[in-house]
**Student:** 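This is the structure, below, for whatever I ask next.
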Amino acid sequence: MIESLKALLEDWKETRSVILGFLDELSDADLDKILPRKNLNTIRLQAYELTLFQRDIVNSLTTKSVDFEEEYLYKNISKQALTEKMAELDTKLEESLELMDGTEMIDYYGQQRNVHQVISLMTGHEYMHIGQIIAFCYATGIEIPESISEPMALEG
């Protein structure tokens with residue numbers, strides 16, 4: 001894998017580890033606590049949506065076009081199933097990036113973006129949800145796991 005994609009993949013792994021930390025350390029009750037948001041109003045649903053977005057990005061590495069595949073978002077998916085799906089998608093992501101030379105262009109909702117931009121967009125999307133989840137934890141009294149709060153220098 002070329003160095004620039006390797007670096008983006010390492011950034012992705014670090015970002016993904018935060019979501020995995022929430023899934024691993026929060027109770028089902030906390031994952032399903034209703035948040036002040038219209039849709040994707042639980043941490044579990046936000047994590048599920050992240051798998052859908054990543055699936056579409058990973059598929060685009062082969063098809064060269066990001067196409068959001070509508071899927072029923074409001075289904076009860078276990079922590080284990082979410083974790084397994086994320087691991088599967090992360091493996092596919094790494095395998096796809098291994099085959100790339102960094103010049104690949106992808107149609108991202110009608111705009112041509114290079115593979116670096118698309119991976120960066122995926123990571124940014126994940127961090128946007130992490131920020132929401134952290135804010136919702138503060139707003140609803142969900143204790144942020146120390147494995148997340150400590151390295152991110154978050155206050156209690």
Side-chain angles (χ1 to χ4, degrees), residues 1-26 28 30-31 37 39-40 42-137 142 144-154:
M1 182 181 316
I2 66 169
E3 288 302 313
S4 57
L5 289 177
K6 194 180 293 185
L8 284 173
L9 181 62
E10 289 306 311
D11 286 346
W12 168 254
K13 288 178 180 180
E14 186 174 322
T15 304
R16 174 48 56 90
S17 73
V18 176
I19 293 296
L20 290 171
F22 277 113
L23 290 174
D24 182 49
E25 297 189 47
L26 292 182
D28 283 325
D30 283 341
L31 290 176
R37 181 180 168 163
N39 297 310
L40 302 175
T42 68
I43 294 171
R44 185 184 312 269
L45 287 174
Q46 289 204 25
Y48 179 63
E49 189 273 341
L50 289 169
T51 67
L52 298 179
F53 188 74
Q54 184 185 8
R55 175 203 59 201
D56 294 341
I57 295 298
V58 169
N59 287 344
S60 79
L61 300 178
T62 302
T63 66
K64 303 300 184 243
S65 179
V66 176
D67 294 309
F68 182 71
E69 295 179 25
E70 291 293 330
E71 188 167 323
Y72 186 66
L73 288 175
Y74 303 100
K75 60 185 188 180
N76 190 13
I77 186 167
S78 71
K79 289 167 49 163
Q80 180 179 344
L82 276 169
T83 301
E84 288 172 0
K85 186 63 174 174
M86 288 178 178
E88 173 192 325
L89 288 166
D90 287 347
T91 297
K92 287 182 180 178
L93 172 65
E94 192 162 355
E95 290 171 352
S96 295
L97 293 177
E98 283 287 349
L99 303 173
M100 300 188 149
D101 65 14
T103 63
E104 294 81 5
M105 298 300 290
I106 296 166
D107 183 318
Y108 185 82
Y109 301 110
Q111 296 181 343
Q112 289 298 305
R113 305 281 177 106
N114 70 40
V115 64
H116 295 86
Q117 291 171 303
V118 171
I119 300 306
S120 182
L121 287 164
M122 182 179 70
T123 303
H125 177 253
E126 189 108 348
Y127 252 111
M128 181 272 299
H129 279 280
I130 290 168
Q132 285 186 3
I133 290 167
I134 289 169
F136 290 143
C137 284
I142 296 171
I144 299 168
E146 191 173 313
S147 66
I148 295 167
S149 64
E150 183 69 26
M152 295 182 88
L154 301 174

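All values below come from the heavy atoms of this structure, side chains included, with hydrogens, waters and symmetry mates left out.
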**Student:** For the residue pair Arg16 and Leu50, what are the closest heavy atoms and their distance?
**Tutor:**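 Residues Arg16 and Leu50, closest heavy atoms: NH2-O, 4.3 Å.
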**Student:** How far apart are the closest heavy atoms of Gln112 and Met105, and which atoms are they?
**Tutor:**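 Closest heavy-atom pair between Gln112 and Met105: OE1-CB, 3.6 Å.
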**Student:** May I ask you to decide if the ring planes of Phe53 and Tyr108 are parallel, tilted or perpendicular, using 30° and 60° as cut-offs?
**Tutor:**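 Phe53 and Tyr108: perpendicular rings.
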**Student:** Indicate the atoms forming the closest heavy-atom contact of Ser60 with Ile57, along with that distance.
**Tutor:**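 In terms of heavy atoms, the two residues are closest at OG-O, 2.6 Å.
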**Student:** Could you point out which residue of Gln54, His129, Arg44 forms a side chain to side chain donor-acceptor pair (under 3.5 Å) with Glu49?
**Tutor:**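 Result: among Gln54, His129, Arg44, His129 is the only option passing the side chain to side chain donor-acceptor pair (under 3.5 Å) with Glu49.
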**Student:** Is any side-chain heavy atom of Ile19 closer than 4.5 Å to a side-chain heavy atom of Leu82?
**Tutor:**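 Counting from C-beta outward, Ile19 and Leu82 never come under 4.5 Å.
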**Student:** Quick check: do Cys137 and Ile43 have side-chain heavy atoms less than 4.5 Å from each other?
**Tutor:**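 Answer yes - side chains close enough.
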**Student:** Minimum heavy-atom separation for Leu93 and Met122, please, with both atom names.
**Tutor:**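 Smallest interatomic distance, heavy atoms only, reads CD2-CE, 3.7 Å.
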**Student:** Hey, is Glu88 close enough to Lys92 for a salt bridge, meaning N to O under 4.0 Å?
**Tutor:**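 Yes, Glu88 and Lys92 are salt-bridged.
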**Student:** Please tell me if the side chains of Glu146 and Glu25 come closer than 4.5 Å, counting only heavy atoms from C-beta onward.
**Tutor:**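 No. Closest side-chain heavy atoms not under 4.5 Å.
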**Student:** Which atom names give the shortest non-hydrogen contact between Leu99 and Glu104, and what distance separates them?
**Tutor:**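 Taking Leu99 first and Glu104 second, the nearest heavy atoms are O-OE2, 4.4 Å.
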**Student:** Do the side chains of Thr51 and Ile77 get nearer than 4.5 Å, heavy atoms only?
**Tutor:**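 SC-SC contact between Ile77 and Thr51 ruled out.
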**Student:** Could you walk me through whether Leu40 and Gln132 pass the side-chain contact (heavy atoms from CB on, under 4.5 Å) check?
**Tutor:** CA-CA 11 Å; Leu40 302 175; Gln132 285 186 3; over 6 Å; no
